[in-house]
Amino acid sequence: MKYDNHIKVEFTSKSANESLARVIASAFVSQLDPTLEELADIRTAVSEAVTNAIIHGYDGGKGKVIMECTLQDHTVEIKIVDKGNGIEDLNLAMQPLYTSKPELERSGMGFTVMQSFMDFLEVKSELHKGTTIIMRKCIKNAD
Amino acid sequence: MKYDNHIKVEFTSKSANESLARVIASAFVSQLDPTLEELADIRTAVSEAVTNAIIHGYDGGKGKVIMECTLQDHTVEIKIVDKGNGIEDLNLAMQPLYTSKPELERSGMGFTVMQSFMDFLEVKSELHKGTTIIMRKCIKNAD
Amino acid sequence: MKIDFVKKENVLSIKIDGEIDHHSAAEIRTKIDAYITGSNTKYIVLDFKKVGFMDSSGIGMVMGRYRNIKRVGGELCIVSVNNSIKRILDMAGVTGIIPVYKNQEEFLGVIK
Amino acid sequence: MKIDFVKKENVLSIKIDGEIDHHSAAEIRTKIDAYITGSNTKYIVLDFKKVGFMDSSGIGMVMGRYRNIKRVGGELCIVSVNNSIKRILDMAGVTGIIPVYKNQEEFLGVIK
Ligand SMILES: Nc1ncnc2c1ncn2[C@@H]1O[C@H](COP(=O)(O)OP(=O)(O)O)[C@@H](O)[C@H]1O
Ligand SMILES: Nc1ncnc2c1ncn2[C@@H]1O[C@H](COP(=O)(O)OP(=O)(O)O)[C@@H](O)[C@H]1O
């Protein structure tokens, strides 16, 4: 079945909304009848990206996080945007176990999780302007 | 507890998104620890307003529906907007059992349900411009 | 959304499992009408035991099936509705027209 | 999110019930650290049986508790993790450092 759908969500940067973002992405993707594992992968990747926007993008302070989900045929694309701090050195940031906030008990595994749970990951970032994460995953079940 | 939160959702006008809108409103309001009945009331009112945007606002065709949820203290405000047909005679439209689409087995009870399940309902509409529904409900549990 | 049809003689029990909104009502309507066409159904029992949610789109779906079966001299009733759905049916005056029974057994006792 | 503490002699079982993300990890960390401070806890068993979701925020929470108890000569292990959480722990190398047991019983058998 050809199936197109799109949702754009803008929410307050507060940690209680991490679970909200997971619920929304999960309900959106469910339309494609994913496996439980595919759904868990997507929920986890979304959680990583939204958490990063809140704690790194806005340092836990005020701001807006935007999540856009697009279904096209068998693929879901999820874009997560903040207009916060941005990332100075993307290569360093994306290294497994690198974190700029060890004092918050961050593990530095967020990008690694996104990368291995999704089929595609693109990170665009500009210092003091913000960060955009684009992830895609093909839902095999969908037909 | 003083608790402020806000989410704005924009989605494709298609009937599969009626349940998505309910899930989102419900997850958002859950942060206030509502009773099951309050939650059911809100889910139903959201379902009515979103369905109307899809079938009356856009006649089942293409368009964007916007849902905004705001929590402030103990009250949730939900705004549902379409940029579709608009309503010519609002008094008539809001009468119980009036429907302009009996051929689709509509019951004409949508506005009546919104009114009786929420504490506040405001409808703004302009012909050929679209319709905005604003509903509020006080969550008694919240503290 | 799932629908189970159980037919015994001229009594058709329809068990709806899922949420009834405008999206699913269309599917439910189509499936029920297709099942009944050409069958000897006289009594329709709409079983709401597994319906966790219904908005006003459900009213139209129920009343539409009621009108169709009445037209051919049949009857329709509703069983096992929860409180929040009952409220919507009451509000629209449906429960003044269509009989509501606690469950299948109560209904079968009545038609016997 | 709910946390249950069960202490038997110097073994503290911590049953987490809910989702572990950055939001809840903060609360879990605070509660665990408060419970342990001043107690004679030697072994910590983190029971993940009722954890349906965990993202990388959970790694930091687990490793933080591991480091604290090691510092005072204690031990920490994890029991009853599901596959998807196990994958995240593996990815970060946590399972190379912290022992993972199938369930409470298996762990108790080992320390006996
Ligand atoms: N949205 C963002 N805005 C600013 N910096 C970010 C953002 N996302 C990630 N970073 C930077 O990249 C680093 C690595 O991110 P990640 O792999 O998710 O690990 P962690 O969140 O555990 O620190 C972060 O510590 C932070 O410095
Ligand atoms: N968003 C909307 N855009 C255009 N017309 C609307 C909209 N919402 C409601 N209406 C009009 O108001 C009427 C009554 O709405 P409602 O009480 O929800 O009943 P129903 O949806 O069953 O027709 C509709 O039949 C329609 O003509």
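Throughout, protein chains are lettered first and strands after them, A, B, ... in sequence-line order, and every chain is numbered starting at 1. Basis for what follows: all heavy atoms, side chains included, without hydrogens, waters or symmetry-related copies.
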Exercise. With A:E68, which residues qualify under side-chain contact (heavy atoms from CB on, under 4.5 Å), at least two apart?
Worked result: A:H6, A:K8, A:K79
Considering heavy atoms only, which positions within [range] lie below 4.5 Å of chain A?
range	result
residues 76-83 of chain D	none
residues 46-54 of chain D	D:F53, D:M54
residues 88-98 of chain D	D:I88, D:M91, D:A92

Which portion of [X] sits near chain D, non-hydrogen atoms under 4.5 angstrom:
X	answer
A:L36	neither
A:R22	side chain
A:T51	side chain

For this session: State whether A:E77 and A:K137 are salt-bridged, where the test is any N-O pair (Lys NZ or Arg NE/NH1/NH2 against Asp/Glu carboxylate O) under 4.0 Å.
Result: no
Problem set entry | salt bridge (charged side-chain N to carboxylate O under 4.0 Å, His left out) between D:D21 and A:R43, intermediate numbers included | CA-CA 11 Å; D:D21 61 7; A:R43 282 159 51 81; over 6 Å; no
Exercise. Can you check whether A:K101 reaches A:E103 side chain to side chain, under 4.5 Å on heavy atoms?
Worked result: yes
Exercise. Is there side-chain contact between D:E9 and D:K42, with heavy atoms separated by less than 4.5 Å?
Worked result: no
Exercise. Hey, what do you get for CD1 (A:I80) to CD1 (A:I66), rounding to the nearest 0.5 Å?
Worked result: 11.0 Å
